[in-house]
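When a residue number appears, it is its place in the shown sequence, counting from 1. Computation of the quantities below employed the complete heavy-atom set of this structure, encompassing side-chain atoms and omitting hydrogens, waters and symmetry-equivalent molecules.
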Amino acid sequence: MDDRKLISGIKKKKESYLIEFIDIYGPVLKASIIKTIGNRKELVNEILNDSLLAIWDNIDSFDENRSSFKNWCAGVAKYKAIDAIRKENRHKSINLEDIEEAIGTYKDYSFDDSEEILGLLNDDDKEIFRKLYIEGYSYDDIAKIKEIPKDRLYNRVSRSKKKLKVELGGRHD
């Protein structure tokens, strides 16, 4: 089956074309995912399913003037794999050493000292730090919760880190 017919069938949401697509392009998607994240079978299968759904739902965004269908599909799979790795990294627990490194401290503090450390910040910045470094929220999530642009959030966190660094005995860069 040629790509144009396959694309047309997927646009019409005909499952028989999806099955044909999986037979033809499944190995291409899987190779793109494995190249991006390595051969982690369970995660590869999850990303493969996400990629298939993304292609099925977003087939109208394919532009044959920009790339071949095969390359477009491989790109969708690659970016789904990158998103999965980002999500996985975001949900890893963060220990106190990571927090100390992030705020640039030069002293030893225990986890119990974190409230004292955060007490050096105003309530809003304290909440941001708690969500970011203790609860594991992403910048995207916090920006939505606080209803502020992400670049402004980055600036606030950066200024707060500098303040903590100075307050905790470091030097201002």
Side-chain angles (χ1 to χ4, degrees), residues 29-63 66-67 71-173:
L29 298 175
K30 193 170 186 176
S32 180
I33 294 165
I34 290 171
K35 183 177 178 186
T36 305
I37 68 162
N39 197 4
R40 298 165 54 190
K41 187 174 174 81
E42 191 173 302
L43 188 56
V44 168
N45 289 334
E46 180 181 328
I47 296 167
L48 180 59
N49 289 333
D50 289 346
S51 301
L52 292 169
L53 181 62
I55 291 167
W56 179 259
D57 288 341
N58 299 295
I59 191 70
D60 290 327
S61 65
F62 168 67
D63 181 357
R66 294 183 68 198
S67 72
N71 288 345
W72 180 77
C73 292
V76 169
K78 177 182 178 179
Y79 288 109
K80 285 292 179 184
I82 291 169
D83 287 345
I85 293 298
R86 285 183 184 147
K87 183 178 179 182
E88 186 177 76
N89 287 339
R90 182 178 12 183
H91 291 294
K92 286 183 179 172
S93 63
I94 298 174
N95 64 30
L96 184 61
E97 284 129 20
D98 294 335
I99 295 171
E100 288 175 0
E101 183 179 317
I103 61 177
T105 62
Y106 291 98
K107 298 179 181 179
D108 290 325
Y109 294 93
S110 70
F111 187 75
D112 295 333
D113 295 326
S114 63
E115 283 304 313
E116 185 178 334
I117 293 168
L118 292 177
L120 300 169
L121 302 173
N122 67 43
D123 290 340
D124 207 28
D125 290 340
K126 188 187 311 183
E127 181 185 358
I128 290 170
F129 260 67
R130 201 176 275 121
K131 287 189 180 314
L132 188 62
Y133 294 111
I134 296 173
E135 297 173 23
Y137 283 76
S138 70
Y139 278 92
D140 288 328
D141 294 336
I142 297 170
K144 286 176 188 170
I145 292 168
K146 302 299 277 177
E147 297 178 346
I148 60 174
K150 196 161 65 167
D151 60 334
R152 202 161 94 206
L153 178 62
Y154 281 122
N155 288 338
R156 286 184 68 169
V157 170
S158 178
R159 280 193 300 274
S160 295
K161 285 180 186 179
K162 287 177 184 174
K163 178 180 180 177
L164 289 173
K165 187 174 182 181
V166 169
E167 294 285 330
L168 296 170
R171 57 181 177 74
H172 182 60
D173 293 331

Can you measure from [atom1] ([X]) to [atom2] ([Y]) and round to the nearest 0.5 angstrom?
X	Y	atom1	atom2	answer
Asn155	Ser160	CG	OG	10.5 Å
Asn58	Leu53	CG	CG	8.5 Å
Leu48	Leu29	CG	CG	6.0 Å
Glu46	Ser51	CD	OG	10.5 Å

TODO: Report, as yes or no, whether the 6.0 Å neighbourhood of atom CZ on Phe62 holds more than 12 heavy atoms from other residues, nucleotides or ligands.
DONE: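 Atom CZ in Phe62 is packed in, count exceeds 12.
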Task: Where at least one partner belongs to residues 146-157, residue pairs that pass salt bridge (charged side-chain N to carboxylate O under 4.0 Å, His left out), sequence neighbours excluded - done: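 Only Asp124-Lys146, Asp124-Arg156, Asp125-Arg156, Glu127-Lys146, Asp140-Lys150 qualify under salt bridge (charged side-chain N to carboxylate O under 4.0 Å, His left out).
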Least distance between heavy atoms, [X] atom then [Y] atom:
X	Y	answer
Val76	Ala54	CG1-CB, 4.0 Å
Ala77	Ile47	O-CG2, 4.1 Å
Lys163	Leu120	NZ-O, 3.0 Å

TODO: Check step by step if salt bridge (charged side-chain N to carboxylate O under 4.0 Å, His left out) holds for Lys126 and Asp123.
DONE: CA-CA 5 Å; Lys126 188 187 311 183; Asp123 290 340; 3.7 Å; yes
Side-chain heavy atoms of [X] within contact of [Y], under 4.5 Å:
X	Y	answer
Trp72	Ile59	yes
Val157	Tyr154	no
Tyr137	Ile128	no

- [ ] Run through Lys87, Lys80, Arg86 and flag the one making a salt bridge (Lys or Arg N to Asp or Glu O under 4.0 Å) with Asp83.
- [x]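 It is Arg86, the one option of Lys87, Lys80, Arg86 that forms the salt bridge (Lys or Arg N to Asp or Glu O under 4.0 Å) with Asp83.
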For residues 31-43, run the donor-acceptor check on the side chains, cut-off 3.5 Å, and write out each pair with its distance to 0.1 Å, sequence neighbours left out.
residue : atom : partner : partner atom : Å
Ser32   : OG   : Ala74   : O            : 2.9
Thr36   : OG1  : Ser32   : O            : 2.9
Arg40   : NH1  : Glu88   : OE1          : 3.3
Arg40   : NH2  : Glu88   : OE1          : 2.9
Arg40   : NH2  : Glu88   : OE2          : 2.6

